[in-house]
There are 2 protein chains.
Amino acid sequence: MDNKTVLIVDDEAAIRDMLRVALEMANFRCIEAKNAYEAQVSIVDDLPDLVLLDWMMPEVSGIELLRRWRRNPDTKKIPVIMLTAKAEEESLVKGLDAGADDYISKPFSPRELVARIKTIFRRVASEISDSPISIDEMIMDPSARSVTITGKPVSLGPTEYRLLEFFLMHQNRAFTREQLLNNVWGNNVYIDERTIDVHIRRLRKALEPFGYENYVQTVRGFGYRMAVPE
Amino acid sequence: MDNKTVLIVDDEAAIRDMLRVALEMANFRCIEAKNAYEAQVSIVDDLPDLVLLDWMMPEVSGIELLRRWRRNPDTKKIPVIMLTAKAEEESLVKGLDAGADDYISKPFSPRELVARIKTIFRRVASEISDSPISIDEMIMDPSARSVTITGKPVSLGPTEYRLLEFFLMHQNRAFTREQLLNNVWGNNVYIDERTIDVHIRRLRKALEPFGYENYVQTVRGFGYRMAVPE
DNA sequence: AGCTAATGTGACGTTCACGTGACACTATCT
DNA sequence: AGATAGTGTCACGTGAACGTCACATTAGCT
């Protein structure tokens with residue numbers, strides 16, 4: 001990955017080292033910060049392209065840092081991946097709501113880490129450039145507002161289109177119904193969350209004839225996710 | 001210079017102001033963008049006739065933007081003039097390689113700037129605007145302001161003609177009514193967006209007798225698109 | 001296996017976006 | 001000046017899209 005800088009924020013040197021090795025293998029440039037203060041300095045001075053942020057830190061917690069960054073226009077758009085221990089799963093929700101783009105739980109697989117980082121970079125790039133997004137044989141071309149599979153057009157209503165667009169921009173990440181409501185419908189919406197199920201159904205139905213059957217997955221007790229192979 | 005729109009991309013407000021003054025003196029219409037994001041939005045929404053692009057910008061650099069534009073058919077042909085500081089002369093080569101049409105170094109002479117812009121417009125005008133566009137059996141000859149299908153002339157009002165011309169220049173791209181208003185009618189227009197529907201209707205009606213029935217497509221909840229087979 | 005909560009699914013009434021023709025007003029031409 | 005073509009707005013009709021509900025099905029538990 002050319003020219004991308006990743007800021008690693010974690011108080012344990014061992015973890016930082018592991019992350020740095022994995023990232024440098026994948027050709028990312030790394031900066032490290034061992035506490036909130038260093039992180040704050042680095043994010044304004046170095047403007048990294050992405051931040052790996054440990055959740056549990058002494059003094060100032062990760063979520064506090066994250067909130068602060070999201071409030072500042074200069075750092076608002078920098079993607080943040082949270083590092084959490086298995087046991088902290090409940091704080092995940094808070095983290096995602098605070099604006100984290102993804103999370104990795106420790107212990108992590110280096111390969112997975114790099115894959116997720118790349119996904120996020122792809123997403124960020126495509127948010128700006130509205131270049132076509134493709135998975136397998138499906139191509140979504142935002143500028144044409146069209147979706148095709150093996151060249152054949154997929155018929156989607158406006159809502160299904162936006163839903164699919166959102167899923168494609170955040171592949172392999174699960175969303176609660178509330179999050180979907182906020183991001184696909186718009187923030188001031190008063191509809192029944194179960195309505196989402198129906199639109200999920202309609203989206204699945206539209207993709208089904210093309211053999212895209214297990215892409216929109218339900219995450220029981222949580223929400224939905226768009227899974228894409230490897 | 002009548003009707004030409006110039007997009008100014010620079011993060012410094014002072015520079016933008018100077019450029020705007022110079023350009024408006026010469027009767028260009030100006031749009032401004034203070035970062036890569038705004039520039040990207042503007043170039044797809046407003047489709048300016050020319051871009052003045054600052055080289056040194058935080059986040060996404062000018063060269064990155066330029067490369068992206070050159071890859072997209074819709075923006076590929078929009079001429080770009082780079083703004084560079086004296087000290088950055090070496091990056092000139094890269095910029096010209098990436099597809100910049102010209103460059104101006106800061107501090108610039110307003111007179112020189114306008115002169116170069118006019119030169120580029122003259123060149124582009126002779127290169128592009130007169131060459132006939134054809135899809136299937138339809139031929140639009142801009143220099144003659146005529147459209148024929150299998151040799152037979154198509155009767156179009158001025159507005160329908162401009163609408164068709166715009167669609168032909170951006171095939172397979174969907175536009176909102178607002179975008180059509182900005183690009184076909186002109187930017188300072190106060191008419192009802194639904195009026196566009198009527199003109200779409202008139203355009204369709206004019207093409208229909210020739211068997212061109214599904215070319216002007218409606219994109220529900222969004223706008224319209226001119227689709228051309230493969 | 002049986003139970004329960006969560007999700008899948010088809011149907012239905014309503015709303016809303018778009019298509020379409022008519023009409024009045026304006027600009028342009030003879 | 002009168003005629004004609006072009007344009008913007010409106011009113012009405014139609015079909016698509018949406019949200020909700022009722023009921024079927026499934027997953028995950030004990």
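Excluded from the calculations below are hydrogen atoms, water molecules and symmetry mates; all remaining heavy atoms, backbone and side chain alike, are included. Residue numbers begin at 1 in each chain, while the letters A, B, ... track the order of the sequences. Remember, predicted model here, so these are calculated numbers, not experimental data.
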task: Spell out yes or no: do the side chain of R204(B) and the base of dG19(C) have one donor N/O and one acceptor N/O closer than 3.5 Å?
output: no
message: Tell me the interatomic distance from Q217(B), atom CD, to dC18(C), atom P, rounded to whole angstroms.
response: 14 Å
- line: Ranking P158(B) and E193(A) by the position along DNA chain D of their nearest nucleotide, the one closer to 5' is P158(B)
- line: L181(B) atom CG is separated from dT7(D) atom C1', nearest whole Å, by 13 Å
- request: Can you tell me the distance, in whole Å, between the CZ atom of R194(B) and the P atom of dT20(C)?
  value: 12 Å
query: Within 45° of the axis and under 6.0 Å from the centre of the six-membered ring of F210(B), does NZ or CZ of K152(B) qualify?
result: no
field: From dT26(D), dC18(C), dT7(D), nucleotide with atom closest to E160(B) side chain
entry: dT7(D)
Euclidean distance, atom NE2 of residue H199(B) to atom P of dT7(D) [Å, nearest integer]: 6 Å
query: Looking only at side-chain N and O atoms, does R177(B) come under 4.0 Å of OP1 or OP2 in dA17(C)?
result: no
query: Whole-Å distance between dG8(C) C1' and E213(A) CD?
result: 15 Å
- request: Look at the side-chain N and O atoms of T218(A) and state whether any lies under 4.0 Å from the OP1 or OP2 oxygen of dT7(C).
  value: no
field: Atom-to-atom span, CG of D197(B) to P of dC10(D) - whole angstrom
entry: 13 Å
- prompt: Counting only side-chain N and O atoms of Y224(B), is one of them less than 4.0 Å from OP1 or OP2 of dG19(C)?
  reply: yes
- prompt: Between D192(A) (CG) and dG8(C) (C1'), how many Å, whole number?
  reply: 15 Å
- prompt: Any idea which of dG8(C), dT26(D), dG19(D) is nearest the I191(A) side chain?
  reply: dG19(D)
- request: For E208(A), enumerate each residue passing the side chain to side chain donor-acceptor pair (under 3.5 Å) test, keeping only those at least two apart in sequence or located in another chain.
  value: none
task: Mark yes or no for a side-chain to base donor-acceptor pair under 3.5 Å between R202(B) and dG8(D), with no hydrogen or angle criteria applied.
output: yes
field: d(CZ, R162(B); P, dG6(D)) in whole Å
entry: 13 Å
- prompt: Would you call D197(B)-R177(B) a salt bridge at under 4.0 Å N-O?
  reply: yes
message: If you assign each of T195(A) and L156(A) to its closest nucleotide in DNA chain D, which residue comes earlier from the 5' end?
response: L156(A)
- request: Take the angle between the ring planes of H199(A) and W185(A) and call it parallel below 30°, perpendicular above 60°, tilted in between.
  value: perpendicular
task: From the options dT26(D), dT20(C), dC18(D), select the nucleotide whose nearest atom is closest to the side chain of R220(A).
output: dT26(D)
- request: Give a yes/no on whether any side-chain N or O of W185(B) is located under 4.0 angstrom from OP1 or OP2 of dT7(D).
  value: no
field: R202(A) bridged to E160(A) by N-O distance under 4.0 Å
entry: no
- line: Assign each of V198(B) and G223(B) the nucleotide of DNA chain C bearing its closest heavy atom; nearer the 5' end lies the nucleotide of G223(B)
